[in-house]
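We use all heavy atoms of the structure for the numbers below, so side chains are in, but hydrogens, waters and symmetry mates are not. Below, chain A is the first sequence line, B the second, and so on; all start at residue 1.
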2 protein chains.
Amino acid sequence: MKTYTISEVAKELDLTVYTLRYYDKEGLMPFVERTPNGNRLFKETDIGALKVIECLKSTGMPIKEIKTFIDWCSEGDSTLEQRYNMFIERKANVEAQMEELKKTMEIIQHKCSYYKTAMDAGTEDIHKEEKLAKM
Amino acid sequence: MKTYTISEVAKELDLTVYTLRYYDKEGLMPFVERTPNGNRLFKETDIGALKVIECLKSTGMPIKEIKTFIDWCSEGDSTLEQRYNMFIERKANVEAQMEELKKTMEIIQHKCSYYKTAMDAGTEDIHKEEKLAKM
DNA sequence: GTATTCCTTAGAGTTAACTCTAGGTCAAGC
DNA sequence: GCTTGACCTAGAGTTAACTCTAAGGAATAC
């Protein structure tokens, strides 16, 4: 079975070795085994698990909560419901973030055309009429 | 003309007065005037500007870069191009964030059905076959 | 056999963005 | 005229998530 060193995993996941050790310190990687002399030894499944961790992180989940999830995983089938509920919550959270981003995008696009017009006119005064524009 | 105190603005924008003072300290609100005894006096346009600041913040822009933008605004028409370019960059950035979120959402949804199946079966072993699942 | 290059740990330092405290001013209510 | 409450500042403290340093172990290169 193919295994990986910490720096190989860091490269693969676009993280630093510092970050990976930090995650380990925080209890996010209890599954990673060691060589006889103490070096971390990553399996494919470990990299898969780290990808799930990265996914949770990208939903804005703090590391402490990710640790709770990892702990649930170690506890086995008795925590299936908690884990399911967690992902349902994450889903709602991501949906809300998408909504937020859409609103942000609308404002940004408005500003893009605002500045295009101003730039073409050579002055922002072209937008004097607008109520709350100003910048 | 209607004006607002710092706590009214905080309430309106769902920020704390601490945060607003911090923004001011960082140079994000050079336009806010003061009463004779030194209290901040917010106009409607100031609230509009703060909404733009909040929008930029929600694109992930750090406060120092927002300050650069505010400085450009104070400099007038000579910075129109920089400001336009900045919003174009922000737009690309938000688009990338949306893409990221979509990918995240796909994984989350996969996990939701993974755990639904496992929960119904009473055990995660139902997914034994899967290559990189595990959690 | 020694230099290099990877790995290890504990713990200190950094950064951003707040968040709060202490000490003070000022206007309104009683 | 004094209390209350909202405002002010400077500066200290907090938190999360890294990020790095120091000191050392083990395998490989020459």
Check: Any salt bridge (Lys or Arg N to Asp or Glu O under 4.0 Å) pairs touching residues 4-19 of chain A, not counting sequence neighbours?
Finding: none
Next item on the list: Determine which pairs satisfy salt bridge (Lys or Arg N to Asp or Glu O under 4.0 Å) with at least one residue from residues 72-85 of chain A, sequence neighbours left out, and list them in order.
Entry: A:Arg83-B:Glu124
Notebook entry, point to check: Looking at residues 2-11 of chain A, who's got a heavy atom less than 4.0 Å off DNA chain C?
Noted result: A:Thr5, A:Ile6, A:Ser7
Notebook entry, point to check: Heavy-atom contacts under 4.0 Å between residues 58-68 of chain B and DNA chain C, which residues?
Noted result: B:Pro62, B:Ile63
Next item on the list: Would you indicate, yes or no, if D:dA16 has its OP1 or OP2 atom less than 4.0 angstrom from a side-chain nitrogen or oxygen of A:Lys57?
Entry: no
Item checked: C:dC6 OP1/OP2 closer than 4.0 Å to side-chain N/O of A:Asn39 -> no
Note to self: Using the side-chain heavy atoms of A:Tyr23, tell me which of these nucleotides is nearest: D:dC18, D:dC8, C:dA27.
What the structure shows: D:dC18
Check: With respect to the side chain of B:Tyr18, which nucleotide from C:dC18, C:dT19, D:dC18 is positioned closest?
Finding: C:dT19
Notebook entry, point to check: Between A:Phe69 and B:Tyr115, what is the ring plane arrangement, given parallel below 30°, perpendicular above 60°, and tilted in between?
Noted result: perpendicular
Next item on the list: For the pair B:Lys102 and B:Glu99, find out whether any cationic side-chain nitrogen is under 4.0 Å from an anionic carboxylate oxygen.
Entry: yes
Notebook entry, point to check: Charged N to carboxylate O below 4.0 Å: is that the case for B:Asp24 and B:Arg21?
Noted result: no
Item checked: Spacing of CE belonging to B:Met86 relative to CG belonging to B:Leu56, to within rounding of 0.5 Å -> 4.5 Å
Please write out the pairs of protein N or O atoms and N or O atoms of nucleotides 9-15 of chain C separated by less than 3.5 Å, giving the distance to one decimal.
residue, atom, partner, partner atom, Å
C:dT9, OP1, A:Arg34, NH1, 3.2
C:dT9, OP1, A:Arg34, NH2, 2.9
C:dT9, OP1, A:Arg40, NH2, 3.4
C:dT9, OP2, A:Arg40, NH1, 3.2
C:dT9, OP2, A:Arg40, NH2, 2.8
C:dG11, N7, A:Lys25, NZ, 3.2
C:dG11, O6, A:Lys25, NZ, 3.1

Item checked: Exercise: identify the closest heavy-atom pair between B:Leu41 and B:Val32 -> O-CG1, 3.7 Å
Checklist line | Hydrophobic cluster partners of A:Met1 (side-chain heavy atoms under 4.5 Å) | finding: none
